[in-house]
Amino acid sequence: MMNAQKNRLYRDVAFLTALRPYRNYRNTESLEAVAAYIVEAFTASGLQVSLQKWIAAGREYTNVIGRYKGDMPKRLIVGAHYDVCGDQPGADDNGSAVGGLLETARLLGEHQPETDYGIELVAYCLEEPPFFGTEKMGSYVHARSLFEEQVAVVGMICYEMIGYFSDAPNSQPFPSAELARRYPGTANFIIVVGIDRYDAFNKSVQKLMADRAQIDVQVVSFPAETGATGLAGLSDQRNYWTFGYPALMINDTSFVRNPHYHLASDTIDTLDFDKMREVVTGACHAITHLEVPTTA
């Protein structure tokens, strides 16, 4: 059983949130320290590690890639971004997700699950402004490289803000009345977010997560035509749609729920590591149990 460990998640988020200067695009020394930390974690987990570098606004940035069963022709991508927006610790956005990615690496290394596809873990830089929505995003650089290399990508799963929850009644706001009618009013669930073009992929991940995680797992598929510009496209998964790959994010509803979004108050003490552990446990079950079409 691949059960995530709360103490390891906490340790990773504590490292990320304690870094000074803050890990935004201006502070490349801090971003390099994060990349080194991720390389060490991936290597210790037995993954095949490589770096992907590019230039943006005159500075060099890095994606850290770790491959499990890297010789398999088909590949599932699992990613999270490690930069923050401005001068803030970024516990939920996106320290929680990086912790989830590193714990996924550790569980793969410890349990060596049998899959008929390789799993590529990617820690991205430059998800946040001013590069969000541009071809300088680390996830765009990575997705384009897969397309150019003609990799058989079976899908992409993005960890994006997975640590903020509340058990208080009516703690979950919604951006529309329609969504409020469809989803729980208490902010103690996690949600799989994608577009309707890949609805089958979205629902398969949601079901597999729900089969394993001790947390409510919801799913929403927004219209594809509004995907990249709407709520579904607010993280790295958006760039994989550009190249025709199924992609989704696992999310705690971000700024809709979390009042600390992109603020100095996004600190480690605001996170619920018990629920975060269940999210990662469920996600790892989905990551290692997908039914991949033979034509993928």
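Numbers for residues simply follow the sequence, beginning at 1.
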Calculate, to the nearest 0.5 Å, the distance between atoms [atom1] and [atom2] belonging to [X] and [Y] respectively.
{"X": "Arg23", "Y": "Glu29", "atom1": "CZ", "atom2": "CD", "answer": "13.5 Å"}
{"X": "Lys275", "Y": "Ile162", "atom1": "NZ", "atom2": "CD1", "answer": "14.0 Å"}
{"X": "Asn63", "Y": "Ser145", "atom1": "CG", "atom2": "OG", "answer": "8.5 Å"}
{"X": "Phe131", "Y": "Tyr25", "atom1": "CZ", "atom2": "OH", "answer": "6.5 Å"}
{"X": "Met137", "Y": "Asn239", "atom1": "CE", "atom2": "CG", "answer": "4.5 Å"}
{"X": "Tyr164", "Y": "Ile190", "atom1": "OH", "atom2": "CD1", "answer": "13.5 Å"}

Kindly work out whether a path of hydrophobic side-chain contacts (I/L/V/M/F/W/Y, heavy atoms less than 4.5 Å apart) joins [X] to [Y].
{"X": "Val84", "Y": "Leu101", "result": "no"}
{"X": "Tyr22", "Y": "Tyr261", "result": "no"}
{"X": "Leu51", "Y": "Leu47", "result": "yes"}

Without hydrogens or angle criteria, can the side chains of Asn202 and Ser221 be said to hold a donor-acceptor pair below 3.5 Å?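 Their side chains do contain a donor-acceptor pair, which is all the 3.5 Å distance test asks for.
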For Asn251 and Tyr159, does a side-chain donor sit closer than 3.5 Å to a side-chain acceptor?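 Side-chain D/A pair, Asn251 to Tyr159: absent.
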With side chains defined as the heavy atoms from C-beta onward, is the minimum distance between [X] and [Y] less than 4.5 Å?
{"X": "Ser139", "Y": "His81", "answer": "no"}
{"X": "Ile65", "Y": "Val49", "answer": "no"}
{"X": "Leu271", "Y": "Val13", "answer": "yes"}
{"X": "Thr17", "Y": "Thr267", "answer": "no"}
{"X": "Thr62", "Y": "Tyr82", "answer": "yes"}
{"X": "Thr104", "Y": "Cys284", "answer": "yes"}
{"X": "Phe273", "Y": "Lys6", "answer": "yes"}
{"X": "Phe189", "Y": "Ile215", "answer": "no"}

If you take all heavy atoms of [X] and [Y], which pair is closest and at what distance?
{"X": "Met2", "Y": "Leu108", "result": "CE-N, 4.0 Å"}
{"X": "Ala152", "Y": "Pro73", "result": "CB-O, 3.6 Å"}
{"X": "Ile268", "Y": "Ala91", "result": "N-CB, 3.5 Å"}
{"X": "Gly155", "Y": "Leu76", "result": "O-CD1, 3.3 Å"}
{"X": "Cys125", "Y": "Tyr61", "result": "SG-CD2, 3.9 Å"}
{"X": "Gly282", "Y": "Ala213", "result": "CA-CB, 3.8 Å"}

Listed once per pair and sorted, the salt bridge (charged side-chain N to carboxylate O under 4.0 Å, His left out) pairs that draw on [range], sequence neighbours left out:
{"range": "residues 247-263", "value": "none"}
{"range": "residues 210-222", "value": "Lys207-Asp211"}
{"range": "residues 30-59", "value": "Lys53-Glu60"}

What verdict does the side chain to side chain contact (heavy atoms under 4.5 Å, CB included) test give for Tyr245 and Ile77, after you've listed the backbone C-alpha separation in whole Å, the side-chain angles of each residue and the deciding distance to 0.1 Å? CA-CA 10 Å; Tyr245 303 135; Ile77 312 303; over 6 Å; no
Could you walk me through whether Glu128 and His262 pass side-chain hydrogen bond (donor to acceptor under 3.5 Å, both in side chains), step by step? CA-CA 10 Å; Glu128 296 286 6; His262 285 183; 3.1 Å; yes
Donor-acceptor pair, distance only, cut-off 3.5 Å: does the side chain of [X] make one with the backbone of [Y]?
{"X": "Gln206", "Y": "Val217", "answer": "yes"}
{"X": "Ser254", "Y": "Val256", "answer": "no"}
{"X": "Gln5", "Y": "Asn7", "answer": "no"}
{"X": "Trp241", "Y": "Ala247", "answer": "yes"}
{"X": "Asp93", "Y": "Met161", "answer": "no"}
{"X": "Gln150", "Y": "Phe147", "answer": "no"}
{"X": "Ser166", "Y": "Ser171", "answer": "no"}

Verdict with supporting geometry, Asn24 and Asp83, side-chain hydrogen bond (donor to acceptor under 3.5 Å, both in side chains): CA-CA 5 Å; Asn24 61 55; Asp83 59 317; over 6 Å; no
Yes or no on side chain to side chain contact (heavy atoms under 4.5 Å, CB included) for Glu149 and Arg144, after CA distance, side-chain angles and deciding distance? CA-CA 9 Å; Glu149 295 165 17; Arg144 180 177 60 194; over 6 Å; no
Should we say atom [atom1] of [X] is surrounded by more than 12 heavy atoms from elsewhere, each under 6.0 Å from it?
{"X": "Arg11", "atom1": "CZ", "result": "yes"}
{"X": "Phe174", "atom1": "CZ", "result": "yes"}
{"X": "Asn170", "atom1": "CG", "result": "no"}

Would you check, one step at a time, whether the test side chain to side chain contact (heavy atoms under 4.5 Å, CB included) holds for Glu160 with Asn94? CA-CA 6 Å; Glu160 173 64 47; Asn94 203 25; 3.6 Å; yes
After noting the C-alpha distance and the side-chain angles of Met156 and Leu248, does the key distance pass the side chain to side chain contact (heavy atoms under 4.5 Å, CB included) rule? CA-CA 6 Å; Met156 184 271 183; Leu248 56 82; over 6 Å; no
Under 30°, 30 to 60°, or over 60°: which ring-plane class applies to Phe15 and Tyr37, parallel, tilted or perpendicular?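 Geometry flag for Tyr37 against Phe15: parallel rings.
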Should the pair Arg277 and Tyr10 be classed as cation-pi, given the thresholds of under 6.0 Å to the six-membered ring centre and 45° from the axis?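 Arg277 over Tyr10 ring: no.
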Sorted by first residue and then second, give each side-chain hydrogen bond (donor to acceptor under 3.5 Å, both in side chains) pair with at least one member in residues 179-196; sequence neighbours left out.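 Every side-chain hydrogen bond (donor to acceptor under 3.5 Å, both in side chains) pair that includes a residue of residues 179-196, provided the two are not neighbours, is Asp167-Asn188.
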According to salt bridge (Lys or Arg N to Asp or Glu O under 4.0 Å), who are the partners of Glu103, at least two apart in sequence or on a separate chain?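 Residues passing salt bridge (Lys or Arg N to Asp or Glu O under 4.0 Å) with Glu103: Arg8, Arg106.
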Please tabulate, for the side chains in residues 115-124, all donor-acceptor contacts under 3.5 angstrom to protein atoms that are two or more places apart in sequence or on a different chain.
| residue | atom | partner | partner atom | Å |
| --- | --- | --- | --- | --- |
| Thr115 | OG1 | Tyr117 | O | 2.6 |
| Tyr117 | OH | Ile287 | O | 2.7 |
| Tyr117 | OH | His289 | N | 3.4 |
| Tyr117 | OH | Leu290 | N | 3.1 |
| Glu120 | OE1 | Arg67 | NE | 2.9 |
| Glu120 | OE1 | Arg75 | NE | 3.4 |
| Glu120 | OE1 | Arg75 | NH1 | 2.8 |
| Glu120 | OE2 | His142 | NE2 | 2.6 |
| Tyr124 | OH | Tyr240 | OH | 2.7 |

